[in-house]
Amino acid sequence: MQTPYYLIDKARLLRNLEKIAWLRNASGAKSLLALKCFATWSVFDLMAEYMDGSTSSSLYEVKLGYEKFGGETHAYSVAYAEDEIAEVLANSDKIIFNSIGQLDRFESVAQDHVRGLRVNPGVSTSEFDLADPARPFSRLGEHEPAQIAAVADRISGLMFHNNCENDNFNRFDEMLTLIEDRFGATLHKMAWVSLGGGIHFTGPDYPLDKLAGRLKRFAEDFGVQVYLEPGEATITGAATLEVTVLDTLHNGKNLAIVDSSIEAHMLDLLIYREPAKISPDTGAHEWMICGKSCLAGDIFGEFRFDAPLTAGDRISFQDAAGYTMVKKNWFNGVKMPGIAIRELDGTVRLVRDFGYDDFKAALS
Ligand SMILES: *Cc1c(COP(=O)(O)O)cnc(C)c1O
């Protein structure tokens, strides 16, 4: 198969999905896939067996979830436009408004739909300002308990999303307690509550049993159906980006140029200034792996190999699913990676390839 391509490994995906299903059984909390993190619908059939549905950030995502994932489809957006709302409602079971302003604005068209409101508890676990929903002056959700209480009779649920790659159960527990204390009166009037994504509960040492117990207690105390919206936790470790070395050169360091680009194919890493990962990353030879775009800083990172690299060598970057495939772009006209799936029986099939016509069609 010709590189570059993203390779989704269903066996690795399954390990996460089994934990998600376990958590649902033990806690009663339903899990909806957050499509903004991962929207590669060729594996939705497998995921839908272990999850309850999908949640979205836009009209197009909610349509995709409705069409390709099935189950329960939650619609959320930071702001809906007048000309999208009818289609959003037609493609969702629940709509979660980001503000009371939007709840008011769409009162007449949405009043017969199951409606919820995003609440911003003012605390989060994000280490980056850029991704911190509780950053100062945040537009993500309503924060004033009294104002939220005043619209409680028009909604049946609340959505909180304030965790971000949080692998610390105690921190999650503390923040949930804060939510209970601050918004308890309104929570008691609700039928469902989504606690959003960002809980890294599929990680290797996460105390899943404690999480299950905490979620169950929350559900019982407030009489609500709990939802989680895992994105990264669902697909962590489940895909790689497969590339080939095209050229090598030396300028104080060993440099290898590959047939891909971090700017175009793993943009999230560049935004958060994190290197890509390869496994194993051991060996006597250190090489800087560079993208083929003309952006000077198009660098995947420095890694260790057993032997010097030469043109034709294959490299596999780990963790290429979450916030990666959804952000790929046509910068520099670099060939967009295809999408391949390793089935549970080990066979690999290419499900999508991209070519010049796709590049051309992305603009006009
Ligand atoms: C981004 C997001 C998610 C998914 O977050 P992960 O960190 O990928 O689990 C879930 N819900 C909402 C509202 C989000 O904005």
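When a ligand or atom number is given, it counts from 1 through the structure's own listing order. What you see below is based on every heavy atom in this structure, not just the backbone, and it leaves out hydrogens, waters and symmetry mates. Numbering of residues begins at 1 and proceeds along the displayed sequence.
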Using only heavy-atom distances, determine whether the side chains of H113 and S92 contain a donor-acceptor pair under 3.5 Å.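 Yes, side-chain donor-acceptor contact under 3.5 Å.
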
Do you see a donor-acceptor pair shorter than 3.5 Å between the side chains of T240 and E242?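 Yes, E242 and T240 have a side-chain donor paired with an acceptor closer than 3.5 Å.
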
Checking Y227 against H74 for the ring-ring contact (aromatic ring centres under 6.0 Å, His included) test, could you report, in this order, the C-alpha distance in whole Å, the side-chain angles of both residues, the deciding distance, and whether it holds? CA-CA 10 Å; Y227 289 90; H74 285 200; 4.7 Å; yes

For E263, which residues count as a salt bridge (Lys or Arg N to Asp or Glu O under 4.0 Å) partner, sequence neighbours excluded?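 Salt bridge (Lys or Arg N to Asp or Glu O under 4.0 Å) check on E263 returns nothing, list empty.
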
State whether D259 and K335 are salt-bridged, where the test is any N-O pair (Lys NZ or Arg NE/NH1/NH2 against Asp/Glu carboxylate O) under 4.0 Å.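 Looking at K335 together with D259, the answer is no, because their closest N to O distance does not fall below 4.0 Å.
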
Tell me whether the rings of F300 and F317 are parallel (<30°), tilted (30 to 60°) or perpendicular (>60°).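 The arrangement is parallel - the two ring planes meet at less than 30°.
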
Output block, N or O contacts of ligand 1, threshold 3.5 Å exclusive:
{"unit_1": "ligand 1", "atom_1": "5 (O)", "unit_2": "Y323", "atom_2": "OH", "d": "3.3"}
{"unit_1": "ligand 1", "atom_1": "7 (O)", "unit_2": "G198", "atom_2": "N", "d": "3.4"}
{"unit_1": "ligand 1", "atom_1": "8 (O)", "unit_2": "E232", "atom_2": "N", "d": "2.8"}
{"unit_1": "ligand 1", "atom_1": "8 (O)", "unit_2": "Y323", "atom_2": "OH", "d": "2.5"}
{"unit_1": "ligand 1", "atom_1": "9 (O)", "unit_2": "G198", "atom_2": "N", "d": "2.7"}
{"unit_1": "ligand 1", "atom_1": "9 (O)", "unit_2": "G231", "atom_2": "N", "d": "2.9"}
{"unit_1": "ligand 1", "atom_1": "11 (N)", "unit_2": "E229", "atom_2": "OE1", "d": "2.6"}
{"unit_1": "ligand 1", "atom_1": "15 (O)", "unit_2": "K36", "atom_2": "NZ", "d": "2.7"}

